[in-house]
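A short worksheet on the structure shown next.
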Amino acid sequence: MEKNRFTICANSYIESLRKEGRYSTAHVYKNALRSFTQFSGTPSVAFHQVNRESLKRYGNYLLTRHLKLNTISTYMRMLRCIYNQGVDLGQAPYIHRLFRDVFTGVDTRQKKALPIHELHTLLYKDPQSESLRRTQAIANLLFQFCGMPFADFAYLERSNLKHGILKYHRTKTGTPMSVEILDTAIEDIAKL
């Protein structure tokens, strides 16, 4: 039974995330588990296989696969969480600073912004079809809505907009938001 305890613990945690409706988080954990089991060369991983040496090798393995540092960090944090669950359940031994030699931070050097000429092309170039024109209008609105995530945009209704103020709740966190809308955005909304 010890030979697959880590995998069992991970799958149990992933299932609990799904039951809570946290499907995206469960998906990331599933990807991290799949990646680590592929690296390990076995469909079932034991807790003793998660050690400093294997974690360092796994980090290097991910780098050779050209994964970004933030993805590697995410996978390592997922593995750490699962390992800590095993420790809490008495299924794994506590190892002080087990993940100290692997990257679990955030790489802020990764640029996320589009170059200005690409943004201009996205927002203003003639899209040549009606379906692309609608997509372009949505992209334009997302930009004018201060970078609103698409998930939030998808749940908006016209009733969310009153007197030039867009009020809604973040889909991910439930946080109430208020955004002052430009006149150009109101014109774009009318086109949709």
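One-based numbering along the sequence shown. As the structure is a prediction and not an experimental result, all values here were calculated from the model.
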Would you say the side chains of [X] and [Y] form a donor-acceptor pair under 3.5 Å?
X      : Y      : answer
Gln144 : Asn140 : yes
Asn31  : Arg34  : yes
Thr74  : Arg77  : yes
Tyr58  : Ser40  : no
Thr175 : Thr173 : yes
Ser54  : Asn51  : yes

Could you tell me if the side chain of [Y] sits less than 4.5 Å from the side chain of [X], heavy atoms only?
X     : Y     : result
Val87 : Pro93 : no
His48 : Phe6  : no
Pro43 : Thr37 : no
Leu62 : Thr71 : no

>> Test: salt bridge (charged side-chain N to carboxylate O under 4.0 Å, His left out). Region: residues 149-163. Which pairs qualify, not counting sequence neighbours?
In response: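 Checked against salt bridge (charged side-chain N to carboxylate O under 4.0 Å, His left out) - neighbours excluded - the pairs reaching residues 149-163 are Asp152-Arg170.
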
> Which pairs pass salt bridge (charged side-chain N to carboxylate O under 4.0 Å, His left out) with one or both residues in residues 129-144, sequence neighbours excluded?
Replying inline: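 Qualifying pairs, neighbours excluded: Asp126-Arg133, Glu130-Arg133.
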
Rounded distance (nearest 0.5 Å) linking atom [atom1] of [X] with atom [atom2] of [Y]:
X      : Y      : atom1 : atom2 : result
Asn60  : Arg65  : CG    : CZ    : 12.0 Å
Ile82  : Ile8   : CD1   : CD1   : 13.0 Å
Arg22  : Lys172 : CZ    : NZ    : 10.0 Å
Leu55  : Phe103 : CG    : CZ    : 15.0 Å
Arg100 : Ile95  : CZ    : CD1   : 11.5 Å
Leu166 : Ile181 : CG    : CD1   : 4.5 Å

> Does OH in Tyr155 sit with more than 12 non-hydrogen atoms of other residues, nucleotides or ligands closer than 6.0 Å?
Replying inline: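 No, not enclosed.
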
Strictly distance-based, threshold 3.5 Å: is any side-chain N or O of [X] a donor or acceptor partner for the main-chain N or O of [Y]?
X      : Y      : answer
Ser73  : Val106 : no
Thr42  : Val45  : no
Gln85  : Ala10  : no
Arg52  : Arg97  : yes
Gln49  : Ala46  : yes
Asn160 : Lys167 : yes

Kindly give the heavy-atom pair with the smallest separation between [X] and [Y], and that separation in Å.
X      : Y      : result
Ala185 : Phe145 : CB-CE2, 4.0 Å
Leu67  : Ile72  : O-CD1, 3.8 Å
Gly174 : His169 : O-CD2, 3.2 Å
Gln91  : Phe47  : O-CD1, 3.7 Å
Cys9   : Gly86  : SG-N, 3.8 Å
Asn70  : Asp107 : OD1-N, 2.6 Å

> Of all residues at least two apart in sequence or in a different chain, which pass the ring pair (Phe, Tyr, Trp, His ring centres under 6.0 Å) check with Tyr124?
Replying inline: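 For Tyr124, the residues satisfying ring pair (Phe, Tyr, Trp, His ring centres under 6.0 Å) (neighbours in sequence not counted) are His120.
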
> Residues two or more places apart in sequence or in another chain: which of them pass ring pair (Phe, Tyr, Trp, His ring centres under 6.0 Å) with Tyr29?
Replying inline: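 Applying ring pair (Phe, Tyr, Trp, His ring centres under 6.0 Å) to Tyr29 gives Tyr13.
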
> Between Phe39 and Tyr61, what is the ring plane arrangement, given parallel below 30°, perpendicular above 60°, and tilted in between?
Replying inline: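 Ring orientation of Phe39 relative to Tyr61: tilted.
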
>> Using 30° and 60° as the class boundaries, would you call the ring planes of Phe99 and Tyr83 parallel, tilted or perpendicular?
In response: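 Correct class here is perpendicular.
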
> Considering residues at least two apart in sequence or located in another chain, which fulfil the salt bridge (Lys or Arg N to Asp or Glu O under 4.0 Å) criterion with Arg18?
Replying inline: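 Applying salt bridge (Lys or Arg N to Asp or Glu O under 4.0 Å) to Arg18 gives Glu15.
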
>> Using the salt bridge (Lys or Arg N to Asp or Glu O under 4.0 Å) criterion, which residues pair with Glu180? Sequence neighbours excluded.
In response: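 Glu180: no salt bridge (Lys or Arg N to Asp or Glu O under 4.0 Å) contacts found.
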
Examine [X] and [Y] and state if one hydrophobic cluster contains both, with Ile, Leu, Val, Met, Phe, Trp and Tyr joined whenever side-chain heavy atoms are less than 4.5 Å apart.
X      : Y      : result
Phe153 : Val179 : yes
Ile138 : Phe143 : no
Leu79  : Leu89  : no
Leu122 : Leu132 : no
Leu182 : Leu142 : no

> Could you go step by step and tell me if Leu33 and Asn11 meet the side-chain contact (heavy atoms from CB on, under 4.5 Å) rule?
Replying inline: CA-CA 9 Å; Leu33 177 62; Asn11 285 326; 3.5 Å; yes

>> As a quick check of understanding, evaluate side-chain contact (heavy atoms from CB on, under 4.5 Å) for Leu98 and Arg80, giving each step before the final call.
In response: CA-CA 8 Å; Leu98 175 62; Arg80 182 176 61 194; over 6 Å; no

